[in-house]
Amino acid sequence: MSNTDFVLAVEDLTVSFDGFKAIDALTLYVDKNELRVIIGPNGAGKTTLLDLICGKTRASAGSIKFKNAEMSRLPEYQIVRSGIGRKFQTPSIYENLSVFQNLEVSFPRGRGVFGALAFKRDDEVRDAVQSVAAEIGLADQLQLEAGLLSHGQKQWLEIGMLLMQDPELLMLDEPIAGMSVRERELTAELLKRICKGRSMIVIEHDMEFVKQIAHKVTVMHQGKILAEGSMEQVQADPRVIDVYLGH
Ligand code: ADP
Ligand code: MG
């Protein structure tokens, strides 16, 4: 396909595990500045789709274009460098380091100034840490050991670690799992804030949460797209009610 304005263009993507097609000729386009939510029953292939986009799993067929560049044969670190950040279901932060240090180690190397101007880089990193900490609501916890944060705060910290790389596409797999009601509300606000100026793909089950954040919803089922549209459209779709919402 020729160049498009989409940030992400996934076309005819397929991956088989021992003959089982976890993703089956799937086509999906994500716009610039869009917050897309993907829903669907367990085993639908949602996590596998993110694994393919970030290069953790290799496609059997099809294409994944990010800003018109083919990603599907690049190693994971090059996909990250291209501007795709991905959060896994379980938080992977450094529990023994402070919040500040967790954010600091996530600042991309090879950016900014070097050598004799290293002190300038320190300033740059510190500024970035402080602005991300404010964004994720942890500005007052910078010196705290990350292991002492609440479950929700740990999730926010991990999102912050991704924000340090300033990705143009940020993908989050079930970010509010295990969170309290209040933490869920704060996370919805957080996601709406951080999607300014970037695109996001969020996998989530909580329909109240989805309603709050989604620009558009994609429903997956058996490795394929079952429905796509506004929250109202997919909620009213009998096929979606049948395989997912009805349960
Ligand atoms: P979801 O995130 O929608 O719940 P997954 O993407 O985790 O679904 O899984 C989709 C299907 O692919 C499941 O049947 C799962 O068992 C299978 N699957 C995922 N990853 C692998 C793998 N690495 N090897 C074999 N099967 C896998
Ligand atoms: Mg999953």
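All ligand and atom numbering here is 1-based and tracks the order in the structure.
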May I ask you to list the atoms of ligand 1 that are less than 4.0 angstrom from any heavy atom of [X]?
{"X": "Ala22", "value": "12 (O)"}
{"X": "Asn42", "value": "4 (O)"}
{"X": "Ala44", "value": "1 (P), 3 (O), 8 (O)"}

Shortest protein heavy-atom distance from [atom], along with the residue and atom involved:
{"atom": "atom 6 (O) of ligand 1", "answer": "Thr48 OG1, 2.5 Å"}
{"atom": "atom 27 (C) of ligand 1", "answer": "Phe17 CD1, 3.3 Å"}
{"atom": "atom 7 (O) of ligand 1", "answer": "Thr47 CB, 3.8 Å"}

**Side-chain donor-acceptor pair present, Gln165, Ser106, cut-off under 3.5 Å** =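 Distance-only check fails for Gln165 and Ser106.
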**Prompt:** Heavy-atom distance from atom 16 (O) of ligand 1 to the protein below 4.0 Å?
**Reply:**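 Neighbour list for atom 16 (O) of ligand 1 is empty of protein heavy atoms (cut-off 4.0 Å).
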**Request:** Determine, counting only non-hydrogen atoms of the protein, whether one lies under 4.0 angstrom from atom 21 (C) of ligand 1.
**Result:**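 At least one protein heavy atom is under 4.0 Å away.
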**Request:** Would you mind checking if Asp242 and Arg239 are paired as a salt bridge, meaning a charged N to carboxylate O distance below 4.0 Å?
**Result:**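 Not counted as a salt bridge, because no side-chain N and carboxylate O are separated by less than 4.0 Å.
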**Request:** Using distance alone, determine whether Gly43 and ligand 1 share an N or O pair under 3.5 Å.
**Result:**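 Min N/O separation from ligand 1 is below 3.5 Å for Gly43.
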**Prompt:** Looking only at distance, does Phe20 have an N or O less than 3.5 Å from an N or O of ligand 1?
**Reply:** no
**Asked** N/O/S of Thr47 less than 2.8 Å from the Mg ion (ligand 2)?
**Response**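 Thr47 does place an N, O or S atom closer than 2.8 Å to the Mg ion (ligand 2).
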**Prompt:** Same cluster or not: are Leu172 and Val10 linked, directly or through other Ile, Leu, Val, Met, Phe, Trp or Tyr residues, by side-chain heavy atoms under 4.5 angstrom apart?
**Reply:**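 No; Val10 is not reachable from Leu172 via cluster members.
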